[in-house]
Amino acid sequence: MTPGINAACKAGVTHNIHEYDHDPASAGYGNEAAEKMGVNPTRVFKTLVVTVDGKTLAVGVVPVTAMLSMKLIARAAGGKKASMADPQEVQRRTGYVLGGVSPLGQKNRLKTFIDASAEAFETIYVSAGRRGLEIELSPGDLAQLTGGRFAQLQQE
């Protein structure tokens with residue numbers, strides 16, 4: 001079990017765990033997950049950590065088929081500018097390794113924003129906290145567990 005799975009279990013939300021053989025040579029973790037699970041990639045979401053205005057970390061959860069808009073996540077977080085966070089700080093603050101960062105069960109709960117496209121699906125897939133491990137749950141439950149808000153986050 002990972003902290004992400006434990007958080008879902010503790011909250012009593014309906015979820016399913018999906019495990020697949022992760023290929024260490026794969027660069028696109030989310031696309032690999034969608035392909036190996038046989039799931040439409042628009043339902044598989046990646047967890048990206050950004051620094052807002054050079055001081056605050058925030059999480060953007062977007063489909064693996066999309067790019068996170070720095071302008072939109074900065075605006076959602078109440079800031080002016082965002083950039084990808086330092087990988088070592090991401091690992092230190094979330095407790096997860098890159099490619100396995102889950103929006104659930106983070107060591108330090110970060111402000112979380114979920115792309116509004118998630119609301120179109122009954123369930124979505126996010127990292128369960130390890131490469132090769134996904135958790136499927138409703139977008140509403142994800143928002144509840146993370147204290148997250150839905151917002152337009154995709155770069156056009």
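These values consider heavy atoms only, across backbone and side chains, with no hydrogens, waters or symmetry-generated copies. Predicted model, so just to flag it, every value in this text is computed and none were measured.
With a 4.5 Å cut-off on side-chain heavy atoms, Thr123 and Asp141 do not count as touching. Within the 4.5 Å cutoff, no side-chain heavy atoms of Lys81 are placed close to those of Met70. At a threshold of 4.5 Å between non-hydrogen side-chain atoms, the residues Ser117 and Pro63 count as touching. Phe121 has its side chain out of reach of Ser138: every pair of non-hydrogen atoms, C-beta onward, lies at least 4.5 Å apart. At a threshold of 4.5 Å between non-hydrogen side-chain atoms, the residues Val52 and Leu57 do not count as touching. Under the 4.5 Å side-chain criterion, counting only non-hydrogen atoms from C-beta, Leu68 is in contact with Val50. Looking at Val61 and Phe113, their side chains never come closer than 4.5 Å, going by heavy atoms from C-beta outward.
Around atom CG of Asn108, more than 12 heavy atoms belonging to other residues, nucleotides or ligands sit under 6.0 Å away. Around atom CE of Met67, no more than 12 heavy atoms belonging to other residues, nucleotides or ligands sit under 6.0 Å away. The 12-atom threshold is exceeded at NZ of Lys107, counting heavy atoms of other residues, nucleotides or ligands nearer than 6.0 Å. Annotation for Glu35: atom CD does not count as buried by contact number, only 12 or fewer foreign heavy atoms lying within 6.0 Å.
Here CD1 of Ile17 is found 7.0 Å from CE of Met1. Values are rounded to the nearest 0.5 Å. Note that CZ of Arg130 and OG1 of Thr2 are 7.5 Å apart. Values are rounded to the nearest 0.5 Å. How far CD of Glu136 is from CZ of Arg43: 5.5 Å, rounded to the nearest 0.5 Å. Interatomic distance, Ile114 CD1 to Ile124 CD1, rounded to the nearest 0.5 Å: 6.5 Å. Rounding to the nearest 0.5 angstrom, the gap separating the CD atom in Gln154 from the CD1 atom in Ile73 is 12.0 Å. Here the CZ atom belonging to Arg93 is positioned 9.5 Å from the CD atom belonging to Gln106, to the nearest 0.5 angstrom.
Of all the heavy atoms in Lys46 and Val64, the pair that sits closest is NZ-O, 3.8 Å. Minimum heavy-atom separation, Gly60 to Leu153: CA-CD1, 4.3 Å. Of all the heavy atoms in Ile135 and His15, the pair that sits closest is CD1-CD2, 3.7 Å. Listed here is the closest heavy atom pair of Ser127 and Gly100: OG-O, 3.2 Å. Shortest non-hydrogen contact noted between Ala8 and Leu145 is CA-CD1, 4.0 Å. Across all non-hydrogen atoms, the minimal contact from Tyr96 to Pro3 is OH-CB, 3.5 Å.
No donor-acceptor pair closer than 3.5 Å links the side chain of Glu134 to the backbone N or O of Glu19. A donor-acceptor contact shorter than 3.5 Å is absent between the side chain of Arg75 and the backbone of Lys80.
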Task: Val59 and Leu48: CA distance, side-chain angles, deciding distance, side chain to side chain contact (heavy atoms under 4.5 Å, CB included) verdict - done: CA-CA 6 Å; Val59 173; Leu48 301 171; over 6 Å; no
Open item on the list: Leu104 vs Asn6, test: side chain to side chain contact (heavy atoms under 4.5 Å, CB included). Steps then yes/no.
Closed with: CA-CA 9 Å; Leu104 304 168; Asn6 290 340; over 6 Å; no
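Grouping the Ile, Leu, Val, Met, Phe, Trp and Tyr side chains by contacts below 4.5 angstrom, directly or via other members, places Ile5 apart from Tyr20.
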